[in-house]
Amino acid sequence: MENYSWQIYITQGIVILILIFLIIYLIRQRRVITLEKRFEKFALISIHDYEKSFFDIIVEFFWGVVHRLGLFLKKSVFLKKYSLRYEKHIKYENRNTYTGMDYIAIKFLVGLLVMILYVITVMFQLMNVSLMSLLIAFLIGFFVPDIFLQYEYQKKRKRVEEDLLKAIIMMNNSFKSGRNIMQAVEVVKEELEGPISDEFKKIYLDMTYGLSIEVVFDRFYNRVKLDDAKYITSSLTMLNKTGGNIVKVFSTIEKNFFSKKKLQQEMMSLTSASIFVFRILCVLPFLFICVIYMLNPSYFAPLFTTGLGRLLLILIILFYILYIMIIKKVLEVKM
């Protein structure tokens with residue numbers, strides 16, 4: 001029986017390793033495709049000689065399944081409203097290719113994949129599959145893509161926050177040279193790169209559709225959720241309603257943003273040591289746990305096998321989370 005359990009563990013380990021290597025391969029291929037698209041406009045490639053690779057066929061098949069599933073899920077009013085929150089993750093150049101419903105379809109597919117993997121794992125262990133466990137596996141897979149999307153969204157917000165001052169400077173210089181708001185937005189979207197350029201392309205597109213300045217920049221704020229974007233939206237709204245010198249207004253915004261960024265850099269230099277110590281203290285408990293477990297694997301067994309141990313384990317986790325929240329709150333500096 002012990003040998004059989006070891007065979008199960010080995011089989012599960014092999015399956016997990018295959019999945020990890022497959023995920024790494026897909027990520028590397030995605031990076032290759034991104035670089036290929038970036039340099040495609042500089043290459044001299046004949047259209048007739050282009051051949052699809054095996055990976056391209058798999059990607060096209062996958063997105064075909066996603067689009068068809070998205071069309072089916074679009075019949076649900078609740079899912080249609082739920083998909084609107086994923087519109088902010090779509091890049092400007094992909095606005096006609098992907099929709100928020102495609103993200104919902106991907107979440108459903110990942111949930112089904114996790115559920116299938118769970119069933120296979122349980123079958124290897126010769127255990128019964130319960131409906132509740134299937135539902136939990138599906139929900140875990142359903143919300144896993146949100147972690148990746150949230151990570152990418154936070155990276156995008158950080159890039160937008162860093163480049164927003166450049167956009168304001170370019171808009172202010174455009175106003176000084178006699179351009180209007182739409183022309184200033186066009187200058188920013190053409191000159192800058194990265195997420196800030198993508199956001200100003202969306203702003204320019206909204207303005208070409210005839211939306212008011214207030215609505216356009218309010219939608220920009222709702223996409224990035226930055227206080228600086230809210231400040232710009234409020235300034236432009238007041239300027240549009242009451243009138244005034246737009247050059248002076250943007251000169252004031254530029255000075256405020258420059259002062260705020262300078263102050264942020266000073267605060268980062270002052271708190272960098274404290275933040276480093278905080279990260280070390282967050283990691284140290286896990287290092288001690290790993291060392292103790294390697295020296296004595298049965299040391300932590302009472303925490304999982306006894307009722308009092310489980311209660312202590314829950315209290316330890318709660319106190320650890322509370323500790324992180326308190327320290328982060330202490331180190332947080334609001335500008």
Checklist line | Close side-chain approach of I181 and I213, heavy atoms under 4.5 Å | finding: yes

Next item on the list: Check whether any side-chain heavy atom of R219 sits under 4.5 Å from a side-chain heavy atom of L211, and report yes or no.
Entry: yes

Notebook entry, point to check: Shared ILVMFWY cluster between L226 and V188, side chains joined below 4.5 angstrom?
Noted result: yes

Check: Is it the case that more than 12 heavy atoms not belonging to F72 sit under 6.0 Å from its CZ atom?
Finding: no

Check: Got a sec, which residues hit side chain to side chain contact (heavy atoms under 4.5 Å, CB included) with S234, two or more places apart in sequence or on another chain?
Finding: K230

Checklist line | side-chain hydrogen bond (donor to acceptor under 3.5 Å, both in side chains) contacts in which one or both residues fall within residues 107-120, not counting sequence neighbours | finding: Y86-K107, K107-D146, Y118-S133

Item checked: Sub-4.5 Å side-chain heavy-atom contact between E87 and I90 -> yes

Check: Are more than 12 heavy atoms from other residues, nucleotides or ligands located less than 6.0 Å from atom NZ of K261?
Finding: yes

Notebook entry, point to check: Tracing side-chain links under 4.5 Å among I, L, V, M, F, W and Y, which residues wind up in one group with I314?
Noted result: L318

Next item on the list: Any pair with a residue in residues 166-182 that passes side-chain hydrogen bond (donor to acceptor under 3.5 Å, both in side chains), sequence neighbours left out, goes on the list, sorted by first then second residue, please.
Entry: N172-S251, N172-E254, S177-R179

Margin query: If the condition is ring pair (Phe, Tyr, Trp, His ring centres under 6.0 Å), which residues does F62 pass it with, not counting sequence neighbours?
Written below: none

Note to self: Counting C-beta onward and ignoring hydrogens, is there a side-chain heavy-atom pair between V215 and D206 closer than 4.5 Å?
What the structure shows: no

Check: Quick one: does V249's side chain get under 4.5 Å of M238's, heavy atoms only?
Finding: no

Checklist line | Test side chain to side chain contact (heavy atoms under 4.5 Å, CB included) applied to T252 - qualifying residues, sequence neighbours left out | finding: N256

Notebook entry, point to check: Do you know which two heavy atoms are closest between L164 and F257, and how far apart they sit?
Noted result: CD2-CE2, 4.0 Å

Next item on the list: Please name all residues satisfying ring pair (Phe, Tyr, Trp, His ring centres under 6.0 Å) with F175, sequence neighbours left out, ordered by chain then number.
Entry: F250

Next item on the list: Just jot down the ring pair (Phe, Tyr, Trp, His ring centres under 6.0 Å) partners of Y320, sequence neighbours excluded, or say none.
Entry: F286

Next item on the list: Answer yes or no: is there a donor N or O on one side and an acceptor on the other, between the side chain of S76 and the main chain of L73, under 3.5 Å?
Entry: no

Margin query: Is there a path of hydrophobic side-chain contacts, each under 4.5 Å between heavy atoms, that joins I317 and L303?
Written below: yes

Note to self: For R159, give me all partners under side chain to side chain contact (heavy atoms under 4.5 Å, CB included), at least two apart in sequence or on another chain.
What the structure shows: E162, D163, P195

Next item on the list: Sequence neighbours left out, what passes ring pair (Phe, Tyr, Trp, His ring centres under 6.0 Å) with Y92? Give chain and number order.
Entry: none

Next item on the list: Taking all non-hydrogen atoms of both residues into account, name the closest pair between A105 and L69 and its distance.
Entry: O-CD2, 3.6 Å

Next item on the list: Quick one: sort the F108 and F142 rings into parallel, tilted or perpendicular, breaks at 30° and 60°.
Entry: perpendicular

Next item on the list: Following the transitive rule for hydrophobic clusters with a side-chain heavy-atom cut-off under 4.5 Å over Ile, Leu, Val, Met, Phe, Trp and Tyr, establish whether L322 and I316 coincide in one cluster.
Entry: no

Item checked: side-chain hydrogen bond (donor to acceptor under 3.5 Å, both in side chains): pairs with one or both residues in residues 188-199, sequence neighbours excluded -> K156-E199, E199-R223

Checklist line | Pairs involving residues 294-303, ordered by first then second residue, that meet side-chain hydrogen bond (donor to acceptor under 3.5 Å, both in side chains) (sequence neighbours left out) | finding: N296-S298

